[in-house]
Amino acid sequence: MNKLDTALVSSALKDAGFNLTESVKEADVVLINTCSVRQHAEERVLSHLGHLKHIKESRPDMVVAVIGCMAQRLGDKLLEHEAVNIVCGPVQLPQITELLTKALQQKKKELAVTQKIRRKTPRQQDQALEQFESAYGIGDRRIPGQAFVRAMRGCNKFCTYCVVPYVRGPELSRPPRAIIEQIKKLADQGVKQVTLLGQTVNSYKYKSGQRSYCLADLLDMAGNIEGIEWLKFVTNYPAEEFFDEILHVIADSPKVCPYLHIPAQSGSDKILHAMNRRYTAQWYLSLLDKARDIIPGIAIAGDFIVGFPGETDEDFEATVDLVKKARYRNCFIFKYSPRPGTKAETRLQDTVPAEVKQRRNIELLAVQEKISGKLSAEFLGKEVKILVEGLSKKPHLNAAEGDDNPQLLGRTATDYIVVFNGQQSLAGQFAKVKIIKTSPLTLFGQLT
Ligand code: SAM
Ligand code: SF4
């Protein structure tokens with residue numbers, strides 16, 4: 001979601017005549033797009049701001065804007081920071097160029113956030129967001145051939161640990177026509193893979209006259225767009241809502257990738273209840289069974305929080321048990337971080353000591369690593385189709401001096417990461433690669 005917002009802002013700024021630079025030294029304007037999901041993410045922003053404050057001592061004209069969730073959460077408190085000129089929440093992003101231009105000319109501090117974030121967004125603001133969203137495509141796109149497209153904004157689930165409903169506002173599904181038009185435009189510009197985004201993307205629903213649209217309808221319509229080869233969607237909430245329809249569209253459409261990111265968060269029913277996740281571990285596992293029955297080769301990924309208030313060793317063992325049974329391709333594991341204003345933070349004590357959270361995190365990662373290792377090993381000797389993203393993190397690995405075949409990175413339809421040596425011009429293209437070595441999170445291949 002934040003990558004998309006960054007791309008939208010970059011695109012808008014480029015259109016307004018700004019030039020993008022990665023170097024703070026060169027910049028007249030610095031934008032920090034922020035996340036409030038865990039305290040650590042916010043601490044990193046504050047540390048960046050400390051650094052920028054130093055730089056501004058010798059360059060007082062530099063304009064610093066903090067955008068996104070932390071801007072919405074902290075509002076004027078953040079504006080008080082010496083380094084900060086602009087605080088702009090997610091709903092106000094369409095105003096960003098105007099705010100920057102004003103700050104550059106008038107040197108005044110500007111606050112643009114929503115006062116009552118849980119209220120329905122006023123029509124005018126909604127239209128501005130739609131316009132901002134659909135203009136995207138012309139500007140900066142970091143991964144060639146790929147684009148994110150928002151299907152929904154906000155969230156209404158109110159998991160007790162989560163800050164998202166308080167910073168992104170109520171759930172709202174974008175009109176299917178706007179989404180499809182946007183995807184067509186992206187396809188015309190050479191985009192081959194689109195990932196539809198929503199905090200609970202499977203609950204996408206939009207009523208237009210007599211007809212109502214769900215995510216499966218969107219995927220189906222997007223699958224008919226010429227030029228679009230792969231469709232992905234994240235993130236799913238484990239609920240019955242439209243689930244069968246989604247599984248069937250994955251099974252029936254060659255363009256919808258057989259990959260499901262569906263966070264469980266815990267394997268203990270007691271903790272799931274305290275988290276306000278509205279399912280049991282058993283029910284969740286039966287959902288995965290159903291997915292595997294309908295789409296045999298499907299890859300499943302999950303998220304977990306360890307050390308939620310009241311999580312005992314027994315609760316944690318239930319999570320380990322669920323991870324073993326779920327056979328995820330990979331898992332994102334987080335240590336519980338109390339977020340101000342959430343129910344878990346206001347009503348529950350953060351009882352699990354930091355070292356226990358750390359130990360459980362490491363243990364769960366190790367359990368998952370074994371499973372990922374086994375699943376990856378099944379690819380040995382096989383040929384896979386990947387969409388090439390660009391240079392890997394170690395582009396010079398296995399590349400001879402002066403060789404124009406650096407190490408590249410791509411992903412399969414099931415989201416496996418594949419590295420191989422090849423020409424950089426392959427970025428944004430599909431390629432076939434034979435897997436010659438595997439590790440839990442990476443497949444190593446050779447172009448065929
Ligand atoms: N909407 C998605 C869902 O329902 O699973 C995920 C949204 S959240 C931005 C991404 C992940 O961050 C969650 O799946 C959860 O595991 C983790 N997370 C959210 N709040 C957290 C907290 N307070 N402490 C630790 N991890 C948290
Ligand atoms: Fe947060 Fe829960 Fe909404 Fe996901 S579903 S964004 S975890 S409140």
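Here the structure is a predicted model, which means the values were calculated and not measured. We count ligands from 1, going down the list as the structure has it; atoms in each ligand are counted the same way.
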Handout entry: Nearest-neighbour protein heavy atom for atom 6 (S) of ligand 2, which is reported as residue plus atom name and distance
Key =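 Protein heavy atom with the smallest distance to atom 6 (S) of ligand 2: Gln199 OE1, 3.5 Å.
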Practice task
Give the residue and atom name of whichever protein heavy atom lies nearest to atom 1 (Fe) of ligand 2, and the separation in Å to one decimal.
Solution key: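 Minimum-distance protein heavy atom for atom 1 (Fe) of ligand 2 reads Cys162 SG, 2.3 Å.
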Which bit of [X] is near ligand 2, meaning a heavy atom under 4.0 Å away: side chain, backbone, both or neither?
| X | value |
| --- | --- |
| Thr200 | side chain |
| Pro165 | side chain |
| Tyr161 | side chain |

Handout entry: Ion pair Glu229/Lys192, N-O distance below 4.0 Å
Key =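 Not counted as a salt bridge, because no side-chain N and carboxylate O are separated by less than 4.0 Å.
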Practice task
Could you tell me whether Asp188 and Lys184 make a salt bridge, using a distance below 4.0 angstrom between a side-chain N and a carboxylate O?
Solution key: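 Between Lys184 and Asp188 there is no salt bridge, as every charged N stays at least 4.0 Å from the carboxylate O atoms.
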Practice task
Please say which of Asp415, Leu196, Leu260, Leu197 ends up in a side-chain contact (heavy atoms from CB on, under 4.5 Å) with Val234.
Solution key: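 Checked Asp415, Leu196, Leu260, Leu197 against Val234; only one passes side-chain contact (heavy atoms from CB on, under 4.5 Å): Leu197.
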For [Y], does the six-membered ring have the charged nitrogen or CZ of [X] within the cation-pi criterion, i.e. under 6.0 angstrom from the centroid and within 45° of the normal?
| X | Y | value |
| --- | --- | --- |
| Arg38 | Phe334 | yes |
| Arg329 | Tyr416 | yes |
| Lys357 | Tyr336 | no |

Exercise for the section: Identify which one of Asn236, Asp303, Asn330 satisfies the side-chain hydrogen bond (donor to acceptor under 3.5 Å, both in side chains) criterion when paired with His261. Expected result: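 One option only clears the test, and that one is Asp303.
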Practice task
Carefully, step by step, assess Glu82 and Lys53 under the rule salt bridge (Lys or Arg N to Asp or Glu O under 4.0 Å).
Solution key: CA-CA 7 Å; Glu82 277 174 75; Lys53 189 182 132 199; 3.8 Å; yes
Ligand-residue contact atoms, ligand 2 with [X], heavy atoms, under 4.0 Å:
| X | result |
| --- | --- |
| Cys159 | 2 (Fe), 5 (S), 7 (S), 8 (S) |
| Phe158 | 8 (S) |
| Val164 | 6 (S) |

Exercise for the section: Answer whether the closest heavy-atom distance between the side chains of Arg277 and Ser266 falls below 4.5 Å. Expected result: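 No, their side chains stay 4.5 Å or more apart.
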Problem - Residue pair Val66 / Leu49, side-chain heavy-atom distance below 4.5 Å - result: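 Side chain of Val66 against side chain of Leu49, heavy atoms only: contact under 4.5 Å found.
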Handout entry: Min heavy-atom dist Arg277 to ligand 2 below 4.0 Å
Key =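 Distance cut 4.0 Å: Arg277 passes for ligand 2.
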Exercise for the section: For the pair Arg174 (side chain) and Arg150 (backbone), establish whether a donor and an acceptor sit closer than 3.5 Å, ignoring hydrogens and angles. Expected result: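 Such a contact is found between Arg174 side chain and Arg150 backbone.
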List, for ligand 1, each N/O atom that has a protein N/O partner under 3.5 Å away, with both atom names and the distance.
unit_1, atom_1, unit_2, atom_2, d
ligand 1, 1 (N), Gln199, O, 2.8
ligand 1, 1 (N), Gln199, OE1, 3.0
ligand 1, 4 (O), Arg277, NH1, 3.3
ligand 1, 5 (O), Gln265, NE2, 3.3
ligand 1, 12 (O), Arg38, NH1, 3.2
ligand 1, 14 (O), Gln265, NE2, 2.8
ligand 1, 14 (O), Asp303, OD2, 2.6
ligand 1, 16 (O), Gln265, OE1, 2.7
ligand 1, 23 (N), Tyr161, O, 3.0
ligand 1, 23 (N), Ser337, O, 2.8
ligand 1, 24 (N), Ser337, N, 3.0
ligand 1, 26 (N), Arg38, NH1, 3.4

Exercise for the section: Going by heavy-atom distance to atom 5 (S) of ligand 2, choose the closest among Arg168, Gln265, Glu171, Lys157. Expected result: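 Looking at heavy atoms only, Lys157 sits closest to atom 5 (S) of ligand 2.
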Handout entry: Presence of N, O or S from Cys155 under 2.8 Å of atom 2 (Fe) of ligand 2
Key =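 No.
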